[in-house]
Amino acid sequence: MPFPVKKERLYSHREIQKRVKELARTISKDYQKEELLLVGVLKGAFVFMSDLARNLSIPVRMDFVRLASYGSRSQSQGKIRITKAIELPIRDKHILVVEDIVDSGLTLKFLQEFLKKENPKSVKICALIDKNERREVSVTIDYVGFSIPKGFIVGYGLDFDEQYRHLPGLYHLHL
Ligand code: IMP
Ligand code: MG
């Protein structure tokens with residue numbers, strides 16, 4: 001049973017679609033003459049990635065990676081490991097990592113460093129939400145859907161305890 005938690009809508013499905021289309025247009029232009037591999041970060045990015053990919057006007061390949069962090073999240077040395085590897089070749093490819101939300105930045109920093117060791121042609125980041133108040137390590141997010149300072153966000157793929165991923169809009173959860 002879902003917990004009776006109050007949630008407040010931040011962006012409607014329509015507003016998200018409008019923003020995703022804009023991002024897709026920019027990305028399509030930037031990678032016009034390149035072969036692009038989208039790497040979605042599971043599970044949160046699955047909804048965003050499917051909408052983003054379907055709005056691109058360039059051909060892309062797609063793959064997914066899944067990361068898990070363990071130890072205390074408040075430790076800046078938060079340990080992260082890959083629990084589902086990327087299966088397509090990365091070497092000499094243009095990679096665009098598709099992430100749901102960047103918070104401390106530790107997950108993305110880890111993934112970026114991991115990918116760079118595999119010698120891709122380039123690695124850029126596209127995140128639906130840049131939540132900047134708790135950033136611990138600096139990461140450059142090349143394409144940002146929405147910037148918000150803080151709060152716990154659910155919907156459109158993002159979860160709280162595996163709930164709310166199915167909601168078409170984005171909500172601020174009052175925990
Ligand atoms: P970071 O390593 O602190 O940047 O954490 C990023 C990951 O934590 C995201 O990919 C999400 O899976 C999760 N996360 C962080 N903030 C939120 C939130 O507000 N709602 C849902 N998941 C979040
Ligand atoms: Mg995530």
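Counting starts at 1 for both ligands and their atoms, in listed order.
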Trainee: Does any N or O in the side chain of R81 come within less than 3.5 Å of the main-chain N or O of L67, such that one atom is a donor and the other an acceptor?
Mentor: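 A pair under 3.5 Å: no.
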Trainee: At a 4.0 Å threshold, what atoms of ligand 1 neighbour a non-hydrogen atom of E99?
Mentor: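 Listed by number with element, the hits are 10 (O).
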Trainee: Pick one of side chain, backbone, both or neither for how K131 approaches ligand 1, counting any non-hydrogen atom pair under 4.0 Å.
Mentor: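 Under 4.0 Å from ligand 1, K131 contributes side-chain atoms alone.
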Trainee: Just to verify, what does H166 make a ring-ring contact (aromatic ring centres under 6.0 Å, His included) with, not counting sequence neighbours?
Mentor: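 Counting only residues at least two positions away or on another chain, H166 forms no ring-ring contact (aromatic ring centres under 6.0 Å, His included).
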Trainee: What pairs meet the ring-ring contact (aromatic ring centres under 6.0 Å, His included) rule with one or both residues in residues 5-60, with sequence neighbours excluded?
Mentor: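 Only Y11-F146 qualify under ring-ring contact (aromatic ring centres under 6.0 Å, His included).
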Trainee: Find all atoms of ligand 1 within a distance of less than 4.0 Å from any non-hydrogen atom belonging to G105, and give their numbers and elements.
Mentor: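 Heavy-atom distances to G105 below 4.0 Å select 1 (P), 3 (O), 4 (O).
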Trainee: Should you measure from each heavy atom of T107, which atoms of ligand 1 turn up under 4.0 Å away?
Mentor: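 In order of numbering, the contacting atoms are 1 (P), 2 (O), 5 (O), 6 (C).
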Trainee: Are K109 and E136 close enough for a salt bridge, meaning some N to O gap below 4.0 Å?
Mentor: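 No salt bridge links K109 with E136.
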Trainee: List ligand 1 atoms under 4.0 Å from G151, heavy atoms only on the residue side.
Mentor: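 Those of ligand 1 that fall under 4.0 Å from G151 are 19 (O).
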Trainee: For ligand 1, is there an N or O atom under 3.5 Å from any N or O atom of I153?
Mentor: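 Yes - when backbone and side-chain N and O of I153 are compared with those of ligand 1, one distance drops under 3.5 Å.
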Trainee: Please could you name the atoms of ligand 1 that D159 approaches to less than 4.0 Å, counting only its heavy atoms?
Mentor: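 By the 4.0 Å cutoff, the relevant atoms are 21 (C).
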Trainee: For the pair R19 and E22, find out whether any cationic side-chain nitrogen is under 4.0 Å from an anionic carboxylate oxygen.
Mentor: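 Yes, this pair counts.
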Trainee: Please work out which of V139, D130, I101 has its closest non-hydrogen atom nearest to atom 23 (C) of ligand 1.
Mentor: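 Checking each option, the heavy atom nearest atom 23 (C) of ligand 1 is found in I101.
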Trainee: Any donor and acceptor pair, going by atom type alone, linking the side chain of D63 with main-chain N or O of V39 inside 3.5 Å?
Mentor: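 Flag not set: sc D63 to bb V39 has no pair under 3.5 Å.
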